Amino acid sequence: MFVLAPLHSSGLFAFHGLTIVALFGIVAGMVVISDHPAALGFMLLGVIANAAVILLRLLYPPSPYNIIILATGWLAIALTLGAVIAHAVFRRGRVTYHRIVGAILLYLLIGLGFGTLFVFLGLWLPDAFKGMNFEDDSALASSVYYLSFVTLTSTGYGDIIPVHPMARSLCNVESVIGQLYPATLLARLVTLELRDQGS
């Protein structure tokens with residue numbers, strides 16, 4: 001999100017291929033974490049959606065359908081990987097380095113998921129956000145992830161602004177989650193550690 005999305009926005013085709021390679025790495029990591037067939041199926045659908053859009057962009061002119069396919073694929077990835085990682089992070093057991101890294105990844109997946117929801121909202125309500133265009137170009141992903149993370153962290157630089165009530169509401173939900181998640185996570189990890197020390 002912080003390297004490939006900005007490079008992808010440069011429009012160079014090589015970075016489209018790097019996105020697919022990164023997705024295969026994510027799927028490989030998913031295989032290590034969970035062998036649940038449904039989870040692997042949803043992850044593969046996300047990879048296929050990304051590969052299909054790369055192919056469609058090579059063969060046909062830009063289309064809003066490409067954005068819908070990509071956003072659906074990334075939402076499937078964020079929800080599936082998020083569910084698997086949330087189960088691993090919040091279950092009972094010893095607090096380890098891997099659990100803490102998983103908690104950070106889950107926080108990033110929340111930002112990714114809301115970024116895809118912003119895409120759906122921006123396509124449905126074209127004037128929902130001021131400062132961002134929802135066109136099939138390589139800069140859209142970088143813009144929506146930027147908006148998502150400045151909202152999640154309550155930074156709010158003000159260069160992209162939600163103007164429609166639905167957009168504002170979605171940003172409010174993400175902002176509240178961004179504040180509550182670290183507190184909830186910290187409380188859970190401290191409880192697990194104290195329980196582990198007590199036994």
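Keep in mind that this is a model prediction, so the values were computed, not measured.
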Task: Working for side chain to side chain contact (heavy atoms under 4.5 Å, CB included), residues L185 and V89 - done: CA-CA 9 Å; L185 172 70; V89 167; 3.8 Å; yes
Would you say [X] and [Y] make side-chain contact, with heavy atoms under 4.5 Å?
| X | Y | value |
| --- | --- | --- |
| L106 | F90 | yes |
| I110 | Y181 | yes |
| M132 | L147 | yes |

If you group Ile, Leu, Val, Met, Phe, Trp and Tyr by side-chain heavy-atom gaps below 4.5 Å, do [X] and [Y] land in one group?
| X | Y | result |
| --- | --- | --- |
| L121 | L152 | yes |
| L125 | Y65 | yes |
| F134 | W124 | yes |
| V163 | V144 | no |
| V173 | V119 | yes |

Euclidean distance, [Y] [atom2] relative to [X] [atom1], rounded to 0.5 Å:
| X | Y | atom1 | atom2 | value |
| --- | --- | --- | --- | --- |
| T72 | F120 | OG1 | CZ | 3.5 Å |
| S143 | N133 | OG | CG | 8.5 Å |
| W74 | Y145 | CH2 | OH | 6.0 Å |
| L105 | L81 | CG | CG | 5.5 Å |
| L70 | L75 | CG | CG | 12.5 Å |
| L112 | L117 | CG | CG | 9.5 Å |

I need the minimum non-hydrogen distance between [X] and [Y], along with the two atoms involved.
| X | Y | answer |
| --- | --- | --- |
| R92 | R99 | O-NH2, 3.6 Å |
| D136 | N66 | OD2-ND2, 2.7 Å |
| S148 | E174 | OG-OE2, 2.6 Å |
| P162 | I160 | CD-O, 4.1 Å |
| Q179 | S154 | NE2-OG, 3.0 Å |
| C171 | F129 | SG-CE2, 4.2 Å |

TODO: Evaluate the criterion side chain to side chain contact (heavy atoms under 4.5 Å, CB included) for residue pair L108 and F149; output intermediate values, then yes/no.
DONE: CA-CA 8 Å; L108 296 176; F149 283 103; 3.8 Å; yes
Open item on the list: My understanding is that only residues two or more places apart in sequence, or in another chain, count here; which of them pass side-chain hydrogen bond (donor to acceptor under 3.5 Å, both in side chains) with D159?
Closed with: Y146
Open item on the list: side chain to side chain contact (heavy atoms under 4.5 Å, CB included), that's the test. Do R94 and L192 meet it? Break it down for me.
Closed with: CA-CA 7 Å; R94 191 166 174 263; L192 290 172; over 6 Å; no
TODO: Give the intermediate values and the outcome of side chain to side chain contact (heavy atoms under 4.5 Å, CB included) for residues L56 and I69.
DONE: CA-CA 11 Å; L56 288 170; I69 293 169; 4.1 Å; yes
Open item on the list: Donor-acceptor check, side chain of T116 to backbone of G113, threshold 3.5 angstrom: yes or no?
Closed with: yes
